[in-house]
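Here the structure is laid out as structure tokens; the discussion comes afterwards.
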Amino acid sequence: MNQPASTAEVVIRHATPEETPKVASLAEKLCRQHLSYHPTRFTDFADLAERLNDLFLEEIPNPVTRILVAEHENEIVGYVFLKLEPDSIVEISDARVWLHDIYVEPAVRGLGAGKKLLDAAVDVAREFNSKTLMLQVWPQNRLAKDIFQQYGFRPTMQEMMLEIED
């Protein structure tokens, strides 16, 4: 892990609509990371930043969504995107909170922003009376996988894909 940039406290709070461009820029970094893992599994949209911004603008007022930011020295340095997903007979699951995205700028990793974002995610799950907090992590992302497991997450399913050739 990188050395902390400063000893100033990291604050977790709700994102505002005016902050969606910054949150979208962080989300784009996360998307690019996923694309580097597997460009066939993930789609590199030409207008990715714009789509992400539109997504967050749409989701911020959604009553079953929470987009929280980590702020350090008056700068947004991370975010988490959570959503209460409805029960699904297809997934054989009750309604539960999914942690769709979590990202912290590399320069401030080590200040505790990631843990604070995870703690806030658990609070959101409790707020929605969710019995579980779900997430997906790419197997190649060892650092994230280790952090999630140390926090208490455990593997449940493994996604598989077959590429269909013409």
Side-chain angles (χ1 to χ4, degrees), residues 1-2 4-35 42-43 45 47-88 91 93-138 141 143-154 156:
M1 282 205 163
N2 296 336
S6 147
T7 57
E9 185 176 349
V10 173
V11 175
I12 307 301
R13 61 175 178 74
H14 291 268
T16 67
E18 298 77 28
E19 295 169 327
T20 58
K22 177 59 179 178
V23 176
S25 74
L26 295 174
E28 185 174 12
K29 291 177 183 182
L30 182 61
C31 290
R32 300 273 172 232
Q33 181 180 339
H34 285 94
L35 282 161
F42 302 102
T43 302
F45 295 102
D47 56 349
L48 180 60
E50 183 179 330
R51 283 179 170 222
L52 289 166
N53 190 66
D54 291 347
L55 169 71
F56 295 133
L57 279 172
E58 181 180 307
E59 292 294 348
I60 283 176
N62 185 337
V64 297
T65 298
R66 298 292 179 269
I67 299 170
L68 307 175
V69 294
E71 188 175 71
H72 174 68
E73 296 181 344
N74 299 313
E75 292 289 326
I76 294 173
V77 297
Y79 81 103
V80 64
F81 170 35
L82 303 141
K83 190 168 188 174
L84 177 64
E85 300 294 351
D87 63 0
S88 169
E91 296 290 330
S93 72
D94 57 358
R96 55 187 63 194
V97 172
W98 272 85
L99 189 162
H100 288 289
D101 294 346
I102 185 168
Y103 183 83
V104 175
E105 287 280 21
V108 297
R109 292 179 186 169
L111 292 177
K115 181 175 184 320
K116 286 185 174 188
L117 286 167
L118 286 173
D119 291 345
V122 170
D123 290 343
V124 168
R126 287 188 179 115
E127 172 189 347
F128 288 120
N129 296 313
S130 180
K131 296 176 189 168
T132 56
L133 176 59
M134 303 293 296
L135 62 77
Q136 293 177 322
V137 61
W138 194 254
N141 192 347
L143 177 62
K145 192 175 172 187
D146 290 347
I147 289 169
F148 295 140
Q149 287 182 323
Q150 288 170 9
Y151 194 89
F153 287 88
R154 61 183 173 79
T156 57

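Heavy-atom basis, side chains included; hydrogens, waters and symmetry copies ignored.
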Any chance you could measure [X], atom [atom1], to [Y], atom [atom2], to the nearest 0.5 Å?
{"X": "Lys29", "Y": "Asp101", "atom1": "NZ", "atom2": "CG", "value": "14.0 Å"}
{"X": "Lys22", "Y": "Leu26", "atom1": "NZ", "atom2": "CG", "value": "4.5 Å"}
{"X": "Asp94", "Y": "Asn129", "atom1": "CG", "atom2": "CG", "value": "11.5 Å"}

Between Leu57 and Leu55, is a side-chain contact (heavy atoms from CB on, under 4.5 Å) present by the stated rule, with each step listed?
-> CA-CA 5 Å; Leu57 279 172; Leu55 169 71; over 6 Å; no
Does Tyr103 have Arg109 sitting over its ring (NZ/CZ under 6.0 Å from centre, angle to axis within 45°)?
-> yes
So which heavy atom on Ala70 is nearest to which on Ala113, and how close?
-> CB-CB, 4.1 Å
Does the pair His100 and Glu85 meet the rule for a side-chain contact (heavy atoms from CB on, under 4.5 Å), with working shown?
-> CA-CA 11 Å; His100 288 289; Glu85 300 294 351; 2.7 Å; yes
Option passing side-chain hydrogen bond (donor to acceptor under 3.5 Å, both in side chains) with Asn62 (candidates Glu58, Arg66, Glu59) | Glu59
Heavy-atom check, side chain of His14 versus side chain of Leu68, under 4.5 Å = yes
Of Val137, Leu135, Leu82, Leu117, the one forming a side chain to side chain contact (heavy atoms under 4.5 Å, CB included) with Ile102 is Leu117
May I ask you to decide whether Arg13 forms a salt bridge with Glu19, counting only side-chain N to carboxylate O separations under 4.0 Å?
-> yes
Would you confirm whether Lys116, through its side chain, and Ile12, through its main-chain N or O, come within 3.5 Å as a donor-acceptor pair?
-> no
With no hydrogens and no angle check, is any side-chain donor or acceptor of Asp47 less than 3.5 Å from a backbone partner on Glu50?
-> no
Might you confirm whether atom CZ of Arg126 has over 12 heavy atoms from other residues, nucleotides or ligands at distances under 6.0 Å?
-> no
side-chain contact (heavy atoms from CB on, under 4.5 Å) evaluation trace for Leu99 with Leu118 | CA-CA 9 Å; Leu99 189 162; Leu118 286 173; 3.8 Å; yes
CA sep, side-chain torsions, deciding dist, call: Phe153, Ile147, side-chain contact (heavy atoms from CB on, under 4.5 Å) = CA-CA 9 Å; Phe153 287 88; Ile147 289 169; over 6 Å; no
